[in-house]
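As the structure is a computational prediction, the values presented were derived from the model and not from experiment. Side chains included, hydrogens not; waters and symmetry mates left out as well; all remaining heavy atoms used.
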Amino acid sequence: MKISIMTLFPAMFEGFCNTSIIKRAQEKGLVDIECIDMRDFALDRFKHVDDTPYGGGSGMILKCQVVIDCLNSIRTSRSHVVLTAPIGKIFKQAKAHEFKKYEHLIIICGHYEGIDARVYDYVDELISIGDYVLTGGELAAMVMADATIRLLKGSIDEQSSADESFENGLLEYPQYTKPSDYDGKKVPEVLLSGHHKNIEEYRMKMSLKTTWENRPDLLEKIELSPKQQALLAQIKEENK
Ligand code: ADE
């Protein structure tokens, strides 16, 4: 797939694109990431990209013309266009799964002080990464691109992505590596037993426990199997 990122700060993406899994995914040809500097589409000789808001108020607003001229230079009939904005729908794992299917994903990084609202008519959706305000959409674009790229086949070990948080509606169980005793803190015995069925049940229980403790809202959104319901009842009993 191709991901085009429209930004006023392309330098912010250098570390992101040239490190670890994201770098490897590009080298393997799984994804082609391009960063486009929207400033190149400013029309005046001082390269102004923003202006004062109509109706008054503080701050500068990113100009429609700059964004739309940039978008039109890269958009095709097969592009899916996303604008990062705190007013957008919240980004979730399911959206990353949707994004990975697009041949061409365009992410427009919103501006810290605002963007001309007429831009909304030219994009497919507005996405926020959480209920807080960032200085710009660049970090949000990296979050979305990262969550999407790691789902591309061949990017990371598929079993590890199948087991992780949110993939089955639950949070991931805790993991451990050597040594089995660190400063008196021991790795749960069952994980050293080699008994696969018991390990699987222990992990399911811990996954349910972590979700129940940290994100009980997630438990209301999924249908638990009879086995999971029994484990959850056990957890609640043990933690009374
Ligand atoms: N721009 C500023 N804050 C944002 C957020 N929370 N999500 C996406 N884009 C943003």
Does the pair K221 and D217 meet the rule for a salt bridge (Lys or Arg N to Asp or Glu O under 4.0 Å), with working shown? CA-CA 7 Å; K221 293 186 192 130; D217 57 301; 3.7 Å; yes
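- Listed for the T19 side chain is a donor-acceptor partner under 3.5 Å among the backbone atoms of G15.
- Linking ILVMFWY side-chain heavy atoms closer than 4.5 Å, directly or via other members, places V143 and I156 in two distinct hydrophobic clusters.
- When the shell of 6.0 Å around CG of D131 is examined, it contains 12 or fewer heavy atoms from other residues, nucleotides or ligands.
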Passes salt bridge (Lys or Arg N to Asp or Glu O under 4.0 Å), K205 versus E238? Steps please. CA-CA 12 Å; K205 185 172 174 184; E238 286 164 6; 2.9 Å; yes
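- Around atom OH of Y176, more than 12 heavy atoms belonging to other residues, nucleotides or ligands sit under 6.0 Å away.
- In summary, R118 and D116 engage in a salt bridge, as defined by a charged side-chain N under 4.0 Å from a carboxylate O.
- N239 places a side-chain N or O within 3.5 Å of a backbone atom of I235 that can act as its donor or acceptor partner.
- Ring geometry for Y102 versus H80: interplanar angle under 30°, hence parallel rather than tilted (30 to 60°).
- Within the 4.5 Å cutoff, the side chain of V67 has no heavy atoms near those of the Y122 side chain.
- Look at E237 and K240 and you find a salt bridge, because one of the NZ, NE, NH1 or NH2 atoms lies within 4.0 Å of a carboxylate O, short of that distance.
- A continuous path of ILVMFWY side-chain contacts below 4.5 Å connects L62 to I74, so both sit in one hydrophobic cluster.
- Put simply, L191 and Y182 are part of two different groups of oily side chains (I, L, V, M, F, W, Y) that touch within less than 4.5 Å, one to the next.
- The neighbour count for K28 NZ, taken as heavy atoms of other residues, nucleotides or ligands under 6.0 Å away, is above 12.
- Taking every heavy atom of both residues into account, D50 and K63 meet most closely at N-CD, 3.9 Å.
- Annotation: the span from I108 atom CD1 to I115 atom CD1 amounts to 6.5 Å, rounded to 0.5 Å.
- Of all heavy-atom pairs between Q26 and I22, the closest is NE2-O, 3.1 Å.
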Is there a side-chain hydrogen bond (donor to acceptor under 3.5 Å, both in side chains) between E14 and N18 once you walk through the steps? CA-CA 6 Å; E14 281 164 22; N18 295 311; over 6 Å; no
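- Proximity of a side-chain donor or acceptor of S128 to a complementary backbone N or O of I87 within less than 3.5 Å is not detected.
- With rounding to the nearest 0.5 angstrom, the NZ atom of K23 is 12.5 Å from the CD1 atom of I21.
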Steps toward side chain to side chain contact (heavy atoms under 4.5 Å, CB included) verdict (L83, V81): CA-CA 7 Å; L83 171 65; V81 185; over 6 Å; no
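- R150 has a carboxylate O that lies under 4.0 Å from a charged side-chain N of E164, or vice versa, which qualifies the two as a salt bridge.
- Between T7 and I36 the shortest side-chain heavy-atom distance does not fall below 4.5 Å.
- F16 and F13 have perpendicular rings, their planes meeting at more than 60° on a 0 to 90° scale where under 30° would count as parallel.
- Of the inter-residue distances, the one linking L208 atom CG with L224 atom CG reads 6.0 Å to the nearest 0.5 angstrom.
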With side-chain hydrogen bond (donor to acceptor under 3.5 Å, both in side chains) as the test, would you mind laying out the steps for H104 and S4 before giving the verdict? CA-CA 8 Å; H104 185 205; S4 302; 2.7 Å; yes
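- Taking both residues in full, the closest heavy atoms of F166 and L218 are given as CE2-CD1, 4.1 Å, listed atom of the first, atom of the second, then distance.
- For the pair D69/L71, no side-chain contact is recorded, criterion being any heavy-atom separation below 4.5 Å from C-beta on.
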Please test E125 against K95 for salt bridge (Lys or Arg N to Asp or Glu O under 4.0 Å), starting from the C-alpha separation and ending with a verdict. CA-CA 11 Å; E125 56 184 336; K95 189 54 87 174; 2.8 Å; yes
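- A continuous path of ILVMFWY side-chain contacts below 4.5 Å connects L192 to Y173, so both sit in one hydrophobic cluster.
- In this structure, the separation between NZ on K100 and CE on M1 is 10.5 Å, given to the nearest 0.5 Å.
- In terms of heavy-atom proximity, Q228 sits nearest to E223 at OE1-O, 4.3 Å.
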Does the side-chain hydrogen bond (donor to acceptor under 3.5 Å, both in side chains) test come out yes or no for E200 and H195, once each step is laid out? CA-CA 9 Å; E200 205 179 303; H195 193 301; over 6 Å; no
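- Note that CZ of F99 and CG of L152 are 13.0 Å apart. Values are rounded to the nearest 0.5 Å.
- Counting only distance, with no hydrogens or angles, the side chain of S165 and the backbone of E172 share a donor-acceptor pair below 3.5 Å.
- A heavy-atom distance below 4.5 Å is found between the side chains of E27 and R24.
- With hydrogens and angles disregarded, no donor-acceptor distance shorter than 3.5 Å links the side chain of T210 to the backbone of L171.
- Follow the hydrophobic side-chain contacts under 4.5 Å out from L30 and you never reach L151; the two are in separate clusters.
- Side-chain contact check for D124 versus I106: every heavy-atom pair is 4.5 Å or farther apart.
- Around CD of E189, the count of heavy atoms belonging to other residues, nucleotides or ligands within 6.0 Å does not exceed 12.
- Across all non-hydrogen atoms, the minimal contact from P53 to I61 is CB-CG1, 3.7 Å.
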Pair K2-E34, side chain to side chain contact (heavy atoms under 4.5 Å, CB included): steps then yes or no: CA-CA 8 Å; K2 179 167 179 173; E34 69 170 355; 3.4 Å; yes
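- Although no hydrogens or angles enter the test, the distance criterion places a donor-acceptor pair under 3.5 Å between the side chain of N168 and the main chain of L170.
- Between the CD1 atom of I127 and the NZ atom of K92 there is a distance of 10.5 Å, given to the nearest 0.5 Å.
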Is there a side chain to side chain contact (heavy atoms under 4.5 Å, CB included) between E201 and M204? Walk through the geometry before answering. CA-CA 5 Å; E201 177 166 322; M204 175 49 68; 5.7 Å; no
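- Looking at every heavy atom in both residues, C109 comes nearest to I5 through SG-CG2, 3.8 Å.
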Run the side chain to side chain contact (heavy atoms under 4.5 Å, CB included) test on H97 and T148 for me, step by step, so that the C-alpha distance in whole Å, both residues' side-chain angles and the decisive distance to 0.1 Å come before the verdict. CA-CA 7 Å; H97 279 285; T148 303; over 6 Å; no
